[in-house]
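Side chains are part of it too, since the values below use all heavy atoms of this structure and drop only hydrogens, waters and symmetry mates. In this chain, residues are counted from 1 in sequence order.
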Amino acid sequence: QVQLVESGGGLVQAGGSLSLSCASSGRTFSSYAMGWFRQAPGKDREFVAAVSRSGGSTGYADSVKLRFTISRDGAKNTVHLQMNNLKPEDTAVYYCAVGYSGYVPTRAYEYDYWGQGTQVTVSS
């Protein structure tokens with residue numbers, strides 16, 4: 001069992017930045033890949049970014065490439081998502097997840113545990 005707690009969401013103007021964090025506990029941090037997904041009202045949950053078990057490889061959705069950066073801190077069992085140049089279309093609830101399958105998993109079914117989510121709102 002893995003417990004995930006997200007933090008760092010909030011309200012920001014377009015062009016601004018936010019940093020999300022996800023603290024994990026319950027199993028060896030280095031044994032799973034980690035990812036971020038988001039879900040806007042009326043839309044399906046979509047992949048945002050993922051990082052491999054070692055932290056050496058990452059993957060991003062095309063919509064966030066060059067704006068978002070995912071990283072993991074093994075000493076603190078935490079994964080971060082730095083979001084720059086935010087746009088109104090980035091508004092969503094952001095979810096952290098862990099997965100035991102796949103190198104840099106990009107599909108929701110590849111993840112085994114999910115956090116409760118944190119709201120990110122970008123005003124125009």
Side-chain angles (χ1 to χ4, degrees):
Q1 191 78 9
V2 175
Q3 293 78 42
L4 301 170
V5 178
E6 300 104 333
S7 61
L11 173 64
V12 65
Q13 289 188 332
S17 298
L18 280 175
S19 181
L20 304 183
S21 295
C22 174
S24 70
S25 62
R27 286 196 179 178
T28 304
F29 185 67
S30 60
S31 66
Y32 42 78
M34 299 193 74
W36 287 94
F37 286 73
R38 66 186 181 187
Q39 187 167 19
K43 295 187 177 181
D44 293 334
R45 189 171 297 191
E46 64 174 0
F47 169 74
V48 175
V51 59
S52 64
R53 298 172 184 176
S54 68
S57 295
T58 57
Y60 297 92
D62 288 343
S63 59
V64 306
K65 277 181 182 176
L66 303 182
R67 299 190 298 123
F68 290 11
T69 302
I70 189 171
S71 61
R72 60 192 297 161
D73 183 342
K76 297 181 179 180
N77 291 357
T78 301
V79 64
H80 303 283
L81 185 68
Q82 177 65 41
M83 305 184 294
N84 298 327
N85 190 22
L86 283 160
K87 304 176 181 180
E89 51 264 41
D90 294 319
T91 296
V93 177
Y94 283 69
Y95 298 90
C96 172
V98 302
Y100 294 97
S101 62
Y103 188 53
V104 181
T106 62
R107 296 174 177 81
Y109 69 81
E110 296 180 286
Y111 288 84
D112 301 280
Y113 298 97
W114 294 80
Q116 294 299 307
T118 184
Q119 177 70 47
V120 171
T121 303
V122 184
S123 63
S124 57

Below 4.5 Å, heavy atoms only, C-beta onward: do Ser21 and Val79 meet side chain to side chain? no

Nearest heavy-atom approach of Met34 to Cys96 is CE-SG, 3.8 Å

Minimum side-chain heavy-atom gap Ser24-Tyr113 below 4.5 Å: no

Which distance, rounded to the nearest 0.5 Å, do you find between the CG of Asp112 and the CD of Gln1? 10.5 Å

Less than 6.0 Å separating the ring centroids of Phe68 and Trp36? no

CZ of Arg67 to CG of Asn84, rounded to nearest 0.5 Å, is 9.0 Å

For the hydrophobic clusters of this structure (ILVMFWY residues joined by side-chain heavy atoms under 4.5 Å, transitively), does one cluster hold both Leu81 and Phe37? no

Going by distance alone, is a donor N or O of one side chain under 3.5 Å from an acceptor N or O of the other, for Ser71 and His80? no

Say whether Tyr94 and Val122 are linked into one hydrophobic cluster, either directly or through other cluster members, by side-chain heavy-atom distances under 4.5 angstrom. yes

Examine Arg45 relative to Tyr95 and say whether NZ or CZ is less than 6.0 Å from the centre of the six-membered ring and inside a 45° cone about the ring axis. yes

Indicate if Val12 and Met83 have the same hydrophobic cluster label, given that clusters are the connected sets of ILVMFWY residues with side-chain heavy-atom separations under 4.5 angstrom. yes

What distance separates Glu46 CD from Arg107 CZ, expressed to the nearest 0.5 Å? 14.5 Å

Does Arg38 reach the main-chain N or O of Val93 with its side chain, forming a donor-acceptor pair under 3.5 Å? no

Tell me whether Ile70 is reachable from Val2 by hopping between hydrophobic residues (I, L, V, M, F, W, Y) whose side-chain heavy atoms are closer than 4.5 Å. yes

Using only atom types and a distance under 3.5 Å, with no angle test, would you say the side chain of Tyr111 pairs donor to acceptor with the backbone of Pro105? yes

With rounding to the nearest 0.5 Å, note down the distance linking CD in Glu6 to SG in Cys22. 5.0 Å

Are side-chain heavy atoms of Leu18 and Leu86 found at a separation under 4.5 Å? yes

Closest non-hydrogen atom pair, Gln82 against Ser17: NE2-CB, 3.9 Å

Tyr60 ring center within less than 6.0 Å of Phe47 ring center: no

Closest heavy-atom pair and its distance - Val64, Val48: CG2-O, 3.5 Å

For Gly9, does its backbone N or O pair with a side-chain atom of Thr118 as donor and acceptor, under 3.5 Å? yes

For Ser52 against Arg72, the heavy-atom pair lying closest together: O-NH1, 2.7 Å

Hydrophobic cluster membership, Leu4 vs Leu20, 4.5 Å side-chain cutoff: yes

Take Thr91 and Val120 through the test side chain to side chain contact (heavy atoms under 4.5 Å, CB included) and record every step on the way to the result. CA-CA 5 Å; Thr91 296; Val120 171; 5.9 Å; no

Indicate whether the side chain of Ser31 and that of Tyr100 have a donor and an acceptor atom separated by less than 3.5 Å. no

Closest non-hydrogen contact found for Ala40 with Ala92 is N-CB, 3.8 Å

Any sub-3.5 Å donor-acceptor pair from Asp44's side-chain atoms to Gln39's backbone N or O? no

Main-chain N/O of Asp73 paired to Thr78 side chain as donor or acceptor, under 3.5 Å: no

Do Lys87 and Asp90 meet the salt-bridge criterion of a basic N to acidic O distance under 4.0 Å? no

Nearest atoms (heavy-atom pairs only) where Lys65 meets Asp62: NZ-OD1, 3.2 Å

